[in-house]
Peer 1: 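Shown below is the structure under consideration.
In this chain, residues are counted from 1 in sequence order.
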Amino acid sequence: MGRKRVRLRRPRGAAEFLSAAVVALAALVLAVRMAAAAVGALKDGWPFLLILVLLAGAVGAWRIARTVRGRRRDAVRRAALRITLAEFDAMDDRQFEYALRDLLVRDGWSARRVGGSGDQASDVISDHTQRGRIVVQAKHTRVGGKVGSSVMYAVKGTAGPAHQADHAVVVTNGAFTRDAMAWGERHSVHWVDRDRLRSWAQDGTALHELLGLSARARRARFKRAA
């Protein structure tokens with residue numbers, strides 16, 4: 001059953017009209033008093049409100065200044081190191097690894113080269129205060145060379161258990177097979193091919209921006225894969 005609607009009955013007779021008028025007058029007086037109290041409080045508390053407004057303005061100005069400084073730092077960082085694809089192609093494997101390390105340092109990571117015998121599918125390891133640890137496997141190839149899925153398997157298997165990484169990425173100056181790219185996308189192994197390498201090294205886009213790396217979000221995935 002539906003709920004009954006309550007309807008107000010119009011006053012009947014002089015007594016009811018008088019009572020309704022008294023109630024309305026009381027409500028009006030209460031509203032006037034509340035308004036007067038609010039005005040009084042505003043009048044007495046205006047110094048406090050002024051302080052709040054000034055603080056809010058100061059915080060807003062600080063945030064704007066911080067944003068401007070951050071953009072200037074980014075511009076300086078991007079101008080600090082640029083490497084062309086032709087320069088990458090002329091490198092040997094060792095030089096390629098050091099170049100990737102230097103690019104990560106440019107992007108604000110604390111990076112070191114670890115490539116060599118027994119590197120366990122890691123040539124560069126980098127740490128970031130917000131984004132954790134990244135493991136980089138460098139694959140320097142001749143122009144037109146392609147990196148296959150087996151590299152992705154190796155990086156996935158060691159990133160967490162051997163290196164305690166939050167992110168893993170394979171970088172090449174060549175290309176990847178379709179299977180390698182698809183497998184990497186499915187299993188959280190990032191890849192940087194020739195086009196992405198140009199954006200990173202030559203155009204100055206930070207690697208974590210290029211790949212959309214989150215902060216410390218994937219170590220559990222690597223550990224489960226062990």
Side-chain angles (χ1 to χ4, degrees), residues 70 73-141 145 147 150-174 176 180 184 187-226:
R73 285 196 302 268
D74 289 343
V76 171
R77 171 182 58 76
R78 292 184 178 186
L81 179 63
R82 301 291 179 91
I83 305 175
T84 66
L85 292 178
E87 290 172 326
F88 278 124
D89 294 339
M91 295 177 182
D92 59 25
D93 293 351
R94 184 183 179 88
Q95 292 170 334
F96 186 56
E97 293 165 4
Y98 276 114
L100 300 185
R101 180 207 62 183
D102 293 344
L103 287 170
L104 283 163
V105 171
R106 181 203 70 181
D107 292 346
W109 295 73
S110 174
R112 65 187 188 278
R113 175 189 175 270
V114 295
S117 177
D119 60 19
Q120 300 185 83
S122 173
D123 294 309
V124 179
I125 294 179
S126 304
D127 293 289
H128 194 281
T129 54
Q130 297 177 343
R131 295 177 176 84
R133 172 168 290 185
I134 185 173
V135 165
V136 177
Q137 172 73 320
K139 287 298 177 183
H140 188 267
T141 70
V147 177
S150 59
V151 176
M152 299 295 192
Y153 306 156
V155 172
K156 176 71 174 182
T158 60
H163 306 295
Q164 292 77 52
D166 299 283
H167 315 280
V169 58
V170 181
V171 183
T172 182
N173 62 317
F176 290 87
H187 299 282
S188 303
V189 178
H190 298 279
W191 50 268
V192 174
D193 61 0
R194 194 171 181 83
D195 289 336
R196 289 183 175 181
L197 185 60
R198 179 189 292 111
S199 297
W200 180 23
Q202 189 169 312
D203 298 340
T205 304
L207 183 65
H208 51 268
E209 296 173 358
L210 182 67
L211 300 179
L213 299 185
S214 58
R216 303 176 184 274
R218 295 182 176 173
R219 184 176 296 172
R221 297 184 187 180
F222 289 132
K223 284 184 177 179
R224 285 198 297 269

Peer 1: Is there a side chain to side chain contact (heavy atoms under 4.5 Å, CB included) between Met91 and Asn173 once you walk through the steps?
Peer 2: CA-CA 10 Å; Met91 295 177 182; Asn173 62 317; over 6 Å; no

Peer 1: Got a sec, which residues hit salt bridge (Lys or Arg N to Asp or Glu O under 4.0 Å) with Asp195, two or more places apart in sequence or on another chain?
Peer 2: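 If we apply the salt bridge (Lys or Arg N to Asp or Glu O under 4.0 Å) test to Asp195, skipping adjacent residues, the hits are Arg198.
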
Peer 1: Checking Arg196 side chain against Trp191 main chain: does a donor-acceptor pair fall under 3.5 Å?
Peer 2: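 Flag set: sc Arg196 to bb Trp191 pair under 3.5 Å.
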
Peer 1: Output the distance between atom NE2 (His128) and atom OG (Ser110), rounded to the nearest 0.5 Å.
Peer 2: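 Reported to 0.5 Å precision, the distance equals 10.5 Å.
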
Peer 1: Would you find a donor on one side and an acceptor on the other, under 3.5 Å apart, between the side chain of Asp193 and the backbone of Thr172?
Peer 2: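 Checking the backbone N and O of Thr172 against the side chain of Asp193, no donor-acceptor pair under 3.5 Å is found.
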
Peer 1: Looking at His208 and Asp107, what are the two nearest heavy atoms and their distance?
Peer 2: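 Minimum heavy-atom contact is CE1-O, 3.5 Å.
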
Peer 1: If only atom types and distance count, is the side chain of Asp123 paired as donor or acceptor with the main-chain N or O of Glu97 below 3.5 Å?
Peer 2: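 Between the backbone of Glu97 and the side chain of Asp123 there is no qualifying donor-acceptor contact (under 3.5 Å).
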
Peer 1: Which atoms form the tightest heavy-atom contact between Asp166 and Gly132, and what is the distance?
Peer 2: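 Closest approach of Asp166 to Gly132, heavy atoms only: OD2-CA, 3.2 Å.
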
Peer 1: Tell me, with the steps shown, if Ile134 and Leu207 meet side chain to side chain contact (heavy atoms under 4.5 Å, CB included).
Peer 2: CA-CA 11 Å; Ile134 185 173; Leu207 183 65; 3.9 Å; yes

Peer 1: Using the test side-chain contact (heavy atoms from CB on, under 4.5 Å), find all partners of Ala162 that sit at least two apart in sequence or belong to another chain.
Peer 2: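 In terms of side-chain contact (heavy atoms from CB on, under 4.5 Å), with neighbours along the sequence ignored, Ala162 is linked to Gln120, Thr158.
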
Peer 1: Under 3.5 Å, is there a donor-acceptor pair between the side chain of Asp92 and the main chain of Arg94?
Peer 2: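 Side chain of Asp92 to backbone of Arg94, a donor-acceptor pair under 3.5 Å: yes, one is there.
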
Peer 1: What pair of heavy atoms forms the shortest contact from Val147 to Ala180, and how long is it?
Peer 2: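 It is O-CB, 3.6 Å.
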
Peer 1: With sequence neighbours excluded, what pairs up with Trp200 under the ring pair (Phe, Tyr, Trp, His ring centres under 6.0 Å) test?
Peer 2: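 Ring pair (Phe, Tyr, Trp, His ring centres under 6.0 Å) check on Trp200 returns nothing, list empty.
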
Peer 1: Looking at residues at least two apart in the chain, or sitting in another chain, which of them share a side-chain hydrogen bond (donor to acceptor under 3.5 Å, both in side chains) with Glu87?
Peer 2: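 Thr84.
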
Peer 1: Mind checking ring pair (Phe, Tyr, Trp, His ring centres under 6.0 Å) for Phe96 and listing every partner two or more places apart, or none if nothing turns up?
Peer 2: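 Only Phe88, His140 meet the ring pair (Phe, Tyr, Trp, His ring centres under 6.0 Å) criterion with Phe96.
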
Peer 1: Can you confirm whether Leu103 sits close enough to Leu81 that some side-chain heavy atom of one is under 4.5 Å from a side-chain heavy atom of the other?
Peer 2: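 Yes, their side chains come closer than 4.5 Å.
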
Peer 1: For Ser199, what residues pass the side-chain contact (heavy atoms from CB on, under 4.5 Å) criterion, not counting sequence neighbours?
Peer 2: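 For Ser199, the residues satisfying side-chain contact (heavy atoms from CB on, under 4.5 Å) (neighbours in sequence not counted) are Asp203, Leu210.
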
Peer 1: Checking side chain to side chain contact (heavy atoms under 4.5 Å, CB included) against Val170, which of Val189, Val135, Val136 comes through?
Peer 2: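 Of the listed residues Val189, Val135, Val136, the side chain to side chain contact (heavy atoms under 4.5 Å, CB included) partner of Val170 is Val189.
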
Peer 1: Could you check whether Asp127 pairs with Arg133 (Lys NZ or Arg NE/NH1/NH2 to Asp/Glu carboxylate O, under 4.0 Å)?
Peer 2: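 Answer for the salt bridge query: yes.
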
Peer 1: Please check: side-chain N/O of His167 versus main-chain N/O of Arg131, any donor-acceptor pairing under 3.5 Å?
Peer 2: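 Side chain of His167 to backbone of Arg131: a pair is present.
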
Peer 1: Where is the tightest heavy-atom contact between Ser122 and His163, given as atom of each residue plus distance?
Peer 2: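 Looking at all heavy atoms of both residues, the shortest contact is CB-NE2, 3.4 Å.
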
Peer 1: Going by the rule ring pair (Phe, Tyr, Trp, His ring centres under 6.0 Å), which residues pair with Tyr153 if we only count those two or more places apart in sequence or in a different chain?
Peer 2: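 Residues passing ring pair (Phe, Tyr, Trp, His ring centres under 6.0 Å) with Tyr153: Trp183.
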
Peer 1: Considering residues at least two apart in sequence or located in another chain, which fulfil the salt bridge (Lys or Arg N to Asp or Glu O under 4.0 Å) criterion with Asp89?
Peer 2: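 Listed in chain order: Arg194.
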
Peer 1: With Ala111, which residues qualify under side-chain contact (heavy atoms from CB on, under 4.5 Å), at least two apart?
Peer 2: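 Here the qualifying residues are Arg101, Leu104, Val105, Val124, Ser126.
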
Peer 1: Tell me, do Val192 and Val169 make a side-chain contact under 4.5 Å, heavy atoms counted?
Peer 2: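 A side-chain contact exists here, since the closest heavy-atom pair is under 4.5 Å.
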
